[in-house]
Amino acid sequence: MQHQQRLQPRLSHNSDVEDIVTLLAPRLAYFAGVARTEHVTRAAQEMQIPQSTLSRALVRLEQDLGVDLFARRGRTVSLTPAGRTFLASVERALGEVERAAESVRADADPASGKVAFGFLHTMGSETVPGLIRAFRADHPRVRFSLVQNYGEAMLERLRAGELDLCLTSPVPDAPDLVARRLDEQRLRLVVPDDHRLATRKRVRLAEAADEAFVTLEPGYGLRRITDDLCKEAGFKPRVAFEGEEAETLRGLVAAGLGVALLPPPAVPRPGVVELTVTGQRAVREIGVAWLDGHPDTPPVAAFKEFLLSRKGKLLQQAGVHQPDPGGNSSPSGD
């Protein structure tokens with residue numbers, strides 16, 4: 001029996017898009033299967049569903065659209081012009097769904113899945129490459145999507161589901177996040193090599209109260225730590241320049257444009273002297289954070305376990321140590 005084009009659609013043009021998708025999506029694969037075989041019985045056998053179920057699904061699809069998609073001659077069917085137009089879009093949509101399913105399955109594969117990993121800018125030269133190299137010794141096919149940014153921006157991306165894990169500082173304390181402290185870095189007062197303090201090995205931060213400071217921009221974790229340490233030392237830093245990257249700040253210090261509180265460099269920078277800060281605990285903590293309640297894929301779970309196992313030795317993982325001006329050694333990193 002052939003349907004007539006005067007079918008009244010169950011879905012009006014004003015229907016909510018979500019309602020349309022909810023009603024139509026389960027029947028699209030059935031429609032495509034019948035369109036491919038042009039035979040209801042054969043399509044039902046290929047899809048391993050009862051023929052009656054398939055026939056009812058097609059009738060309801062046409063009723064919902066208010067359009068005949070098939071011309072019927074017994075068990076044999078052929079597409080109407082409207083059906084051919086609909087099929088082209090359905091095949092594209094089903095193809096996208098299939099590719100999306102393959103992608104998420106591939107990303108979750110224990111051996112070759114993907115980890116979306118964020119970290120602070122200055123951890124990118126030594127620390128993170130060293131960590132990934134060590135992890136891939138046991139997981140050689142796991143892939144990484146790497147994001148470098150400042151702490152607050154990474155936490156926003158974590159909450160948005162764009163990152164699985166991030167290394168950040170300070171270690172966040174938020175109800176929707178889980179964070180674990182992994183290591184700490186000693187901060188140094190970096191001064192030009194011709195500065196009045198450059199012949200010293202140690203200095204109290206209060207001795208730099210009258211200096212111009214070069215710092216990271218507000219919103220960066222290190223900027224907040226710098227402001228807090230200066231406040232603890234009894235002064236508010238007079239900020240001359242603000243930047244986005246620690247090595248740029250070192251360059252500004254080398255040019256004689258101010259002093260800075262910075263973690264150790266991966267490679268010593270000429271033109272500056274790095275002084276141990278005494279009289280207060282001038283460090284910043286590094287931690288790993290993830291979204292509370294967010295299920296981990298196997299590769300993410302493996303990398304998380306790896307990071308947590310590096311507690312207290314995270315920064316040494318890069319294999320680079322910078323000598324401390326006071327005679328101790330301090331790990332390089334962020």
Side-chain angles (χ1 to χ4, degrees), residues 115-132 134-135 144 146-188 205 215-233 244-246 249 260-266 277 280-296 300-318 320-322 330-334:
V115 179
F117 182 43
F119 50 93
L120 299 166
H121 285 95
T122 53
M123 301 191 81
S125 60
E126 297 289 341
T127 303
V128 168
L131 288 169
I132 292 177
F135 174 74
F144 284 83
L146 301 176
V147 173
Q148 293 176 268
N149 216 321
Y150 65 97
E152 287 301 321
M154 281 194 298
L155 297 183
E156 289 177 10
R157 298 187 69 166
L158 198 64
R159 292 183 170 105
E162 298 173 12
L163 292 176
D164 298 309
L165 302 164
C166 68
L167 288 180
T168 188
S169 177
V171 181
D173 181 12
D176 60 335
L177 300 177
V178 180
R180 297 287 183 268
R181 179 188 178 279
L182 296 179
D183 217 331
E184 67 179 32
Q185 287 180 310
R186 180 178 299 163
L187 301 179
R188 298 165 172 176
L205 190 54
T215 72
L216 295 179
E217 294 176 349
Y220 283 70
L222 184 57
R223 170 61 180 271
R224 187 159 64 251
I225 294 171
T226 296
D227 290 345
D228 289 345
L229 286 171
C230 290
K231 182 178 180 181
E232 182 183 331
E244 297 181 343
E245 205 276 317
L249 300 187
L261 270 175
L262 295 173
V277 176
Q280 60 191 122
R281 184 173 165 76
V283 299
R284 70 167 178 173
E285 294 183 337
I286 305 294
V288 59
W290 61 88
L291 198 60
D292 190 20
H294 188 74
D296 293 332
V300 171
F303 190 57
K304 180 191 292 184
E305 182 180 359
F306 169 82
L307 290 176
L308 294 175
S309 74
R310 295 305 188 265
K311 182 176 181 179
K313 52 185 179 180
L314 178 85
L315 303 176
Q316 290 93 320
Q317 201 62 42
V320 177
H321 297 264
Q322 297 297 329
S330 182
S332 171
D334 185 26

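Note: Leu155 CG to Trp290 CH2 = 13.0 Å, rounded to the nearest 0.5 Å. Distance CD/Gln148 to OG/Ser125: 9.0 Å, rounded to 0.5 Å. Rounded to the nearest 0.5 Å, atoms CE (Met123) and CG (Leu314) are 5.0 Å apart. Here Asp228 contributes atom CG and Arg284 contributes atom CZ; the two are 13.5 Å apart, rounded to the nearest 0.5 Å. Distance check, rounded to the nearest 0.5 Å: CG of Leu182 to OG of Ser169 gives 11.0 Å. Taken from CG in Leu177 to NE2 in His294, the straight-line distance is 12.0 Å, to the nearest 0.5 Å.
Pairs of residues two or more places apart, or lying in two chains, never qualify as ring pair (Phe, Tyr, Trp, His ring centres under 6.0 Å) while including a residue from residues 156-188. Contacts classified as ring pair (Phe, Tyr, Trp, His ring centres under 6.0 Å) and involving residues 157-178 (residues at least two apart or in different chains) are not found. Among residues at least two apart or in separate chains, there is no ring pair (Phe, Tyr, Trp, His ring centres under 6.0 Å) pair with a member in residues 156-177.
By the side-chain hydrogen bond (donor to acceptor under 3.5 Å, both in side chains) test, Asp176 is found to be paired with Arg159, residues two or more places apart in sequence or in another chain being considered. In terms of the salt bridge (Lys or Arg N to Asp or Glu O under 4.0 Å) criterion, residue partners of Arg181 (sequence neighbours excluded) are, by chain and number, Glu184, Glu285. Residues satisfying the side-chain contact (heavy atoms from CB on, under 4.5 Å) criterion with Arg157, sequence neighbours excluded, are Val147, Glu162, Leu163. Applying the side-chain hydrogen bond (donor to acceptor under 3.5 Å, both in side chains) rule to Asp296 yields the partners Lys304; only residues at least two apart in sequence or on another chain are considered. Not counting sequence neighbours, the partners of Thr215 by the side-chain hydrogen bond (donor to acceptor under 3.5 Å, both in side chains) test are Arg223. In terms of the side-chain contact (heavy atoms from CB on, under 4.5 Å) criterion, residue partners of Pro170 (sequence neighbours excluded) are, by chain and number, Arg224, Ile225. Listed by chain and number, the residues in a salt bridge (Lys or Arg N to Asp or Glu O under 4.0 Å) with Glu245 amount to none (sequence neighbours excluded). Here Phe117 pairs with Val115, Phe119, Val128, Phe144, Leu146, Leu165, Leu167, Phe303, Leu307 under the side-chain contact (heavy atoms from CB on, under 4.5 Å) rule; sequence neighbours left out. For the side-chain hydrogen bond (donor to acceptor under 3.5 Å, both in side chains) test, no residue two or more places apart in sequence or in another chain qualifies with Glu156.
Using a 4.5 Å cut-off on side-chain heavy atoms (C-beta onward), Leu261 and Val277 make contact. In this structure, the side chains of Pro264 and Arg188 come closer than 4.5 Å at one or more pairs of heavy atoms.
The heavy-atom pair separating Ala179 from Val171 by the smallest distance is CB-CG1, 3.6 Å. Closest approach of His121 and Tyr150 over heavy atoms only: CE1-N, 3.8 Å. The minimum heavy-atom distance between Ala233 and Leu205, with the atom names listed, is CB-CB, 4.1 Å. Here the shortest heavy-atom pairing between Leu158 and Cys166 reads CD2-SG, 4.1 Å. For the pair Leu315 and Thr127, the tightest heavy-atom approach, listed with the atom from each and the gap, is CD2-CG2, 4.0 Å. Between Pro263 and Leu222, the closest heavy-atom pair is CD-CD2, 3.8 Å.
The environment of CD in Glu305 is sparse: at most 12 heavy-atom neighbours from other residues, nucleotides or ligands sit within 6.0 Å.
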Exercise. Go through Arg310 and Val288 one step at a time and tell me if the side-chain contact (heavy atoms from CB on, under 4.5 Å) criterion holds.
Key: CA-CA 11 Å; Arg310 295 305 188 265; Val288 59; over 6 Å; no
